[in-house]
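Order of the sequence lines fixes the chain letters, A, B, ..., with proteins taken first and strands second; residue numbering starts at 1 for each chain.
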Amino acid sequence: MDWFSDSDDIKTGFARTLSGWYEHHKRDLPWRHTRDPYFIWLSEVILQQTRVVQGRPYYERFVAAYPTVQSMADADERDLLRLWQGLGYYSRARNMHRTAHYVANELKGQFPNTYEALLKLPGIGTYTAAAIASFAFNEKVAVLDGNVYRVLARVFGIEDDIITGPAKKTFSRLATELIQQTDDPATYNQAIMEFGAIQCTPVSPDCLICPFQPVCDAYQTGRQRFLPVKSKKTAVRDRYFNYLVIRQGNRLALKERTQKDIWQHLYDFCLVETEEPLEAFRELPEGDVLNWVLQEGILKGLSAERTHVLSHQRIRARFWRIDLPEDRTVPLPAGLFFYEPADLEQLPKPILVVDYLKSLHF
DNA sequence: AATCCGGGGCG
DNA sequence: CGCCCAGGATT
C-alpha cells in the first residue's frame with residue numbers, strides 16, 4: 001500500500017503512515033497494557049538508556065515487588081538498589097525512590113498529570129515527562145529520544161549535530177509540528193519510537209520494506225549511514241582497582257561506596273586504587289590497609305583479574321585474597337563489615353563484584 | 001556546553 | 001573494538 005497520496009504534505013502523511021506501520025509491527029510489551037502513570041513512569045525510568053530486552057525483566061520484577069507507588073515509597077532504598085542491580089546508572093533508582101516518596105506522601109499517590117509538573121520530579125527529564133504526559137494523560141507533547149532523532153534526521157534529512165542545543169530545538173520544533181497531525185499523541189509517540197527501534201535502526205535499517213521509502217531524504221540520497229549526525233567522542237579512562245577480598249571463615253568484608261564516584265551506594269570489597277597496574281601485592285601504597293594486612297592477615301595471593309568496561313571508564317580489577325584466622329576477633333579497617341553469604345546476597349553490588357563472587361563458589 | 005553515570009548486545 | 005540504547009543531573 002502506498003501511504004502517500006499526491007495531495008499529502010510529507011508532514012501530514014508522516015503521522016498517519018507511522019500509525020499504520022505501528023498497528024502491524026508493534027511488539028507486545030507489558031507497559032503497553034496500562035495507562036496507570038505509576039507503571040508508565042516505572043517503565044520509562046527503567047528504559048532510560050536501556051534496551052527493551054534488557055529492561056523488561058526488571059520491569060516485571062519491580063511491578064511484582066512494588067505494585068503501588070506507596071509500596072515503593074515505603075521500601076528500603078537498599079532493596080530498591082538490589083532489585084536494580086545490573087541495570088546500571090544507579091542514580092535512576094535513587095531518584096525513583098525520591099519521586100515515589102513525594103508522590104505517595106505529598107500528592108496522596110496521584111502523579112502530576114501535565115508535562116510541566118512531571119518535569120519537576122527527580123529523575124524525570126524532558127523525554128520521560130513527555131512520555132508519561134502522553135501515554136498516561138494523552139497530552140499532545142512529543143517525545144524526543146534517540147529513536148526519534150534518528151527517524152526525523154533520516155526522513156527529513158536533518159544534518160544538524162544532535163549533541164548541540166540549537167539542533168535539539170530544531171528537532172523539537174519539527175516533532176511538535178508532527179504530533180499536531182494526530183489526535184492520538186500516545187500512539188503516535190509509541191509508534192515513532194517503535195519504528196526507530198525495530199525498523200529505522202542505527203545500523204542497517206530495513207529500508208527495503210520501509211513505508212517512508214518514497215519520501216525519506218536519507219534513503220533517496222543514500223545517507224542512512226551518516227544520519228543522524230552525532231559528534232560525540234568517547235574518551236575512555238583507564239583505572240586500576242585492587243580489591244582486597246578479606247575473608248574470615250565463610251564471611252566476607254564489604255563496604256558501601258559513599259564517595260562521589262561510580263557505583264554510589266553499592267557495596268564492594270576493600271579497594272585500593274592505583275595509577276598503574278599492581279604487579280605484586282607488596283607494591284601496594286603504604287598506608288593503613290597495607291599495614292593492617294601485613295599484621296593481621298594471611299595473603300593468599302592474586303585470586304582473579306578482570307576488565308570491566310563502563311561508558312567512559314575501563315576498570316582493570318585485580319582481586320587479592322586475604323584470609324583471617326577464625327579463632328579470634330580482628331578489627332576491620334574503617335567502613336568494612338563482615339557479611340555471611342545470605343546477607344551478602346541481599347546487598348546491591350556492581351556486576352564486577354557479582355561476577356567475581358560467582359567465581360568463588362563457596 | 002561538557003562531563004559524568006552502567007551494562008549489554010551487536011556488527 | 002566501537003557504537004548505541006524509550007536520558008538525567010551536575011558542573
Student: For A/Thr128 and C/dG8, is the shortest distance between a side-chain N/O and OP1 or OP2 below 4.0 Å?
Tutor: yes

Student: If you count every heavy atom of other residues, nucleotides or ligands that lies below 6.0 Å from A/Arg78 atom CZ, does the total exceed 12?
Tutor: no

Student: Please check the phosphate of B/dT3 (OP1 and OP2 only) for any side-chain N or O of A/His312 closer than 4.0 Å.
Tutor: no

Student: P atom, B/dC10 versus C/dA6: distance in rounded Å?
Tutor: 13 Å

Student: May I ask you to say what A/Trp31 touches in the nucleic acid, namely base, sugar-phosphate or nothing, with a heavy-atom cut-off under 4.0 Å?
Tutor: base

Student: On DNA chain C, check which nucleotide each of A/Pro122 and A/Ser43 is closest to and give me the residue with the more 5' one.
Tutor: A/Ser43

Student: In whole angstroms, how far is the P atom of C/dC5 from the OH atom of A/Tyr149?
Tutor: 11 Å

Student: Quick one: A/Tyr188 OH to C/dA6 P, roughly how many Å, whole number?
Tutor: 17 Å

Student: Taking only N and O in the side chain of A/Thr164, is any of them less than 4.0 Å away from OP1 or OP2 of B/dA1?
Tutor: no

Student: At under 4.0 Å between heavy atoms, what does A/Gly55 touch on the DNA or RNA strands: base, sugar-phosphate, or nothing?
Tutor: nothing

Student: Rounding to an integer number of Å, can you tell me how far A/Tyr58 OH sits from C/dA6 P?
Tutor: 16 Å

Student: Over all strands shown, is A/Asn189 touching base, sugar-phosphate only, or nothing at heavy-atom distances under 4.0 angstrom?
Tutor: nothing

Student: Closer than 4.0 Å, any side-chain N/O of A/Lys260 to the OP1 or OP2 of B/dT3?
Tutor: no

Student: Heavy atoms only: give me the nearest A/Phe62-A/Trp84 pair and the separation to one decimal.
Tutor: CZ-CE3, 3.6 Å

Student: Cationic tip of A/Arg92 within the cone over A/Tyr89's six-membered ring, i.e. under 6.0 Å and within 45° of the normal?
Tutor: no

Student: Could you go through residues 304-312 of chain A and list every donor-acceptor pair under 3.5 Å that involves a side-chain atom there, pairing it with any protein atom two or more places apart or in another chain?
Tutor:
from	atom 1	to	atom 2	distance (Å)
A/Glu305	OE2	A/Arg318	NE	2.8
A/Glu305	OE2	A/Arg318	NH2	2.8
A/Thr307	OG1	A/Arg316	NH1	3.4

Student: Dump every N/O contact between nucleotides 7-11 of chain B and the protein below 3.5 Å, one line per pair.
Tutor:
from	atom 1	to	atom 2	distance (Å)
B/dG7	OP1	A/Tyr90	OH	2.9
B/dG7	OP1	A/Ile351	N	3.3
B/dG7	OP2	A/Trp263	NE1	3.2
B/dG7	OP2	A/His308	NE2	2.5
B/dG8	N2	A/Arg51	NE	3.2
B/dG8	N2	A/Arg51	NH2	3.1

Student: Could you grab the distance from atom SG of A/Cys270 to atom CG of A/Leu252, nearest 0.5 Å is fine?
Tutor: 12.5 Å

Student: Side chain of A/Gln48: nearest nucleotide among C/dC5, C/dG7, C/dA6?
Tutor: C/dG7

Student: So A/Asp145 and A/Met193, side chain to side chain contact (heavy atoms under 4.5 Å, CB included) or not? Walk me through it.
Tutor: CA-CA 8 Å; A/Asp145 73 335; A/Met193 289 192 288; 3.4 Å; yes

Student: Checking all strands, does A/Arg32 fall into the base, sugar-phosphate, or nothing category for heavy-atom contacts under 4.0 angstrom?
Tutor: base

Student: A/Lys230 has a side chain; which of C/dA6, B/dG6, C/dC5 sits nearest to it?
Tutor: C/dC5

Student: Go through B/dA1, C/dA6, B/dC5 for me and flag the one nearest to the A/Gln313 side chain.
Tutor: B/dC5

Student: To the closest 0.5 Å, what do you measure between OG (A/Ser91) and CD (A/Gln264)?
Tutor: 8.5 Å

Student: Using atom CG of A/Leu119 as one end and atom P of C/dA9 as the other, report the distance to the nearest whole Å.
Tutor: 8 Å

